[in-house]
Number of protein chains: 2
Amino acid sequence: MVDRRGDGDEGVTTTSKPPAESPVDVRERARAIPEAAVARLAVYLRVLSGMAEQGVTTISSEELAGAAGVNSAKLRKDLSYIGSYGTRGVGYDVEVLVSHIERILGLTRKHSVAVVGIGNLGHALANYGGFPSRGFPVAALFDIDPDLTGVPVGGIPVDHIDDITTVCAEREVSIGVIATPPQAAQAVCDRLVSAGVQCILNFAPVVLQVPDYVEVRKVDLAVEMQILSFHVARRADEAAGDVVNGVGVDGVVIRP
Amino acid sequence: MVDRRGDGDEGVTTTSKPPAESPVDVRERARAIPEAAVARLAVYLRVLSGMAEQGVTTISSEELAGAAGVNSAKLRKDLSYIGSYGTRGVGYDVEVLVSHIERILGLTRKHSVAVVGIGNLGHALANYGGFPSRGFPVAALFDIDPDLTGVPVGGIPVDHIDDITTVCAEREVSIGVIATPPQAAQAVCDRLVSAGVQCILNFAPVVLQVPDYVEVRKVDLAVEMQILSFHVARRADEAAGDVVNGVGVDGVVIRP
DNA sequence: CCGACTTTGTGCACACGTTCACAAGCGGTA
DNA sequence: TACCGCTTGTGAACGTGTGCACAAAGTCGG
Ligand SMILES: NC(=O)c1ccc[n+]([C@@H]2O[C@H](COP(=O)([O-])OP(=O)(O)OC[C@H]3O[C@@H](n4cnc5c(N)ncnc54)[C@H](O)[C@@H]3O)[C@@H](O)[C@H]2O)c1
Ligand SMILES: NC(=O)c1ccc[n+]([C@@H]2O[C@H](COP(=O)([O-])OP(=O)(O)OC[C@H]3O[C@@H](n4cnc5c(N)ncnc54)[C@H](O)[C@@H]3O)[C@@H](O)[C@H]2O)c1
């Protein structure tokens, strides 16, 4: 029912600093936000933006939780990580919440995106309107294929992978998206890193090796499907086992 | 050892007949595997498959962990959830491990996939070779656009969304992928569910409402980017570090 | 100004997941 | 056979995340 996070292992050397923190500054608080909560904050933000467009000005934790698919206690705890911006007895001001979540997620700055590998997936990403509209303008496209360089895709001309360093610097790219074949992914990753890109979203089904200061997130669709498959199998086993025992889920006797 | 598997294996054949086995068998164990571990098992499987192709027959937890980007203790614990198939002092037999992970993930059965919404993303998915090769044949494509119906994409002709029930039944679709615009996603989801599909992978940035017995996973790229953005911001705050007189970034007063 | 009602924010207990550390077990060697 | 070095498998400690339940804090009608 509720979806779970992909994973989020690797890298992220969160140096645990347990000394007594008396001055509660922003970075300490930011560090304290659980990774899982950050992911949900992004979802709340999307829902809230939709609400704002529909003219909603105030929303309760119960309503927002329903719309975001989480329970309300969790939602309130998540929001408490970023401060106390609600009004008891009333709820949250939508605009206020939006701006605070945006601040915490660092969306007050523009994050230019570069897509590397303009094949099937790269084309889709370059044409996708959902990135620019949410604060992530696609500023550069790269491919190794000479036939592609110069051709505009989604309004942006494709550059050759060899120009990655200069182009990324020029256009202040802060997020790199890897959509090349798996074999090329690590090499592309290395070039992105030497070009100064510190955030990478990887679609290739490989584990990337990066320095500690680089943040990598991966999207592996086959893994997603296998997780679904696992649940199908589990459910099938359950059904089979229950029939054999003559007892259904919840202990309901099927065939007395 | 949590449980003794003295039997000579069996496979997940539908005729599961527990002779004198403990009431809690395979399904109980399957249920006990943490969700996070399932995701990693899928990654191990991919790495192991690659190893097998390269002729590797045996691998230690240390090596496999390195290749999968996790620490070796976690890897061993993950593997212990599915049984004890290693040899102390030696490591794991690659082929054996592959087959056991496949069994646990339910990959011994074929899981036909239907993609709904053959736009930018849908085209990329339909053309993607990574699904069939990993046991997820794309068996059906759907769109609402009459101009698309009948046109083959990636070798499969697009059907009209109205035929979803019959086509899904015919081709035994078990996984539905939603790649339509957000506004259409819930409606498409409902139709998939009534067509009997119990697993859904959703690319549209909306929270889907489904019955309890349906498993949904979502892939939201904007959320991924916002998580990256959060880490950039956190890092920037750390670097810019010094909180001057209780005033942090953006002029937020830290200590009122 | 008060009291009834609503909703937030959070302390706490619990569940889940990760990591450590080491005994148990295996292959190789003398 | 007895020993040795290596690697697995896992109990137990630990850390993180979740959900409950309720006091605190606000609104609103009178
Ligand atoms: N197509 C999908 O729907 C899909 C889904 C999930 C994952 N993926 C993964 O995404 C990646 C791309 O998939 P695709 O279907 O778009 O592949 P594709 O073959 O259509 O495109 C790959 C592109 O990368 C370019 N390229 C190759 N080597 C390069 C290099 N060294 N530097 C820069 N560009 C290079 C190629 O010229 C090509 O244009 C693959 O790793 C694939 O496994 C794709
Ligand atoms: N393109 C990307 O790279 C990308 C990335 C992330 C998320 N997404 C999301 O994926 C979805 C699809 O994106 P896209 O770029 O492919 O959009 P698109 O507009 O190119 O394609 C959407 C397709 O869905 C079809 N469609 C519309 N309503 C339908 C219905 N009721 N039933 C069946 N088909 C219907 C349309 O005919 C069209 O072919 C969107 O929700 C988008 O937010 C896309």
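Computed over heavy atoms, backbone and side chain alike; hydrogens, waters and symmetry mates excluded. What you are looking at is a predicted structure, and each value in this text was computed from that prediction instead of being measured. Every chain is numbered from 1 and lettered A, B, ... according to where its sequence line falls, protein lines coming before strand lines.
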Whole Å only: how far is the [atom1] atom of [X] from the [atom2] atom of [N]?
{"X": "B/Leu75", "N": "C/dT19", "atom1": "CG", "atom2": "P", "value": "12 Å"}
{"X": "B/Asp93", "N": "C/dC26", "atom1": "CG", "atom2": "P", "value": "16 Å"}
{"X": "B/Lys74", "N": "D/dA12", "atom1": "NZ", "atom2": "P", "value": "22 Å"}
{"X": "B/Ile33", "N": "D/dG9", "atom1": "CD1", "atom2": "P", "value": "15 Å"}
{"X": "B/Tyr81", "N": "C/dT19", "atom1": "OH", "atom2": "P", "value": "12 Å"}
{"X": "A/Glu35", "N": "D/dT16", "atom1": "CD", "atom2": "P", "value": "12 Å"}

Could you tell me if [Y] and [X] have a donor-acceptor pair between their side chains, going purely by distance under 3.5 Å?
{"X": "B/Arg76", "Y": "B/Ser61", "value": "yes"}
{"X": "A/Tyr85", "Y": "A/Asp93", "value": "no"}
{"X": "B/Ser60", "Y": "B/Glu63", "value": "yes"}

key: Pairing residues for A/Asn202 by the side chain to side chain donor-acceptor pair (under 3.5 Å) criterion, not counting sequence neighbours   =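 With neighbours one apart ignored, the set is empty.
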key: Phosphate OP1/OP2 of C/dC26 contacted by B/Tyr92 side-chain N/O (<4.0 Å)   =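 B/Tyr92 to C/dC26 OP1/OP2: no side-chain N or O under 4.0 Å.
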query = Can you tell me if the side-chain N/O atoms of B/Ser61 get under 4.0 Å from OP1 or OP2 in D/dT7?
reply =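 No, because none of the side-chain N or O atoms of B/Ser61 sits under 4.0 Å from OP1 or OP2 of D/dT7.
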request  = Could you tell me the separation between the CZ atom of A/Phe203 and the CD atom of B/Glu224, rounded to the nearest 0.5 Å?
outcome  =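 Output value for this atom pair is 8.0 Å.
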key: First of A/Asn71 and B/Ser60 reached from the 5' end of DNA chain D, by closest nucleotide   =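 Nearer the 5' end of the strand: B/Ser60.
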key: A/Asp78 or B/Ile59, whichever maps to the more 5' nucleotide of DNA chain D   =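 Here B/Ile59 is the residue nearer the 5' end.
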Please examine the side chains of [Y] and [X], heavy atoms only from C-beta on, and report whether any two atoms are closer than 4.5 Å.
{"X": "B/Tyr128", "Y": "A/Leu121", "result": "no"}
{"X": "A/Val232", "Y": "B/His111", "result": "yes"}
{"X": "A/His231", "Y": "B/Gln198", "result": "no"}

message = I'd like to know if A/Lys77 reaches the base of D/dG19 with its side chain such that a donor and an acceptor end up less than 3.5 angstrom apart.
response =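 When only heavy-atom distances are counted, A/Lys77 does reach the base of D/dG19 through a donor-acceptor pair under 3.5 Å.
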query = Once each nucleotide of nucleotides 22-30 of chain D is scored for protein heavy atoms under 4.0 Å, what B/S/- sequence comes out, 5' to 3'?
reply = --BBBS---
request  = Please tell me which of the listed nucleotides, D/dC20, C/dC20, D/dT8, lies nearest to the side chain of A/Ala73?
outcome  =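 Of D/dC20, C/dC20, D/dT8, D/dC20 is nearest to the side chain of A/Ala73.
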key: Between the first and last five pairs of the helix from C/dC1-D/dG30 to C/dA30-D/dT1, the angle of the axes, rounded to 10 degrees   =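 One end axis against the other gives 0°.
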query = Given that B/Ala37 and A/Glu62 both sit by DNA chain C, which one's nearest nucleotide is further toward the 5' end?
reply =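 Residue closer to the 5' terminus by nearest nucleotide: A/Glu62.
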query = Between B/Arg234 and A/Glu35, is there a side-chain N and carboxylate O pair less than 4.0 Å apart?
reply =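 No, no charged N to carboxylate O under 4.0 Å.
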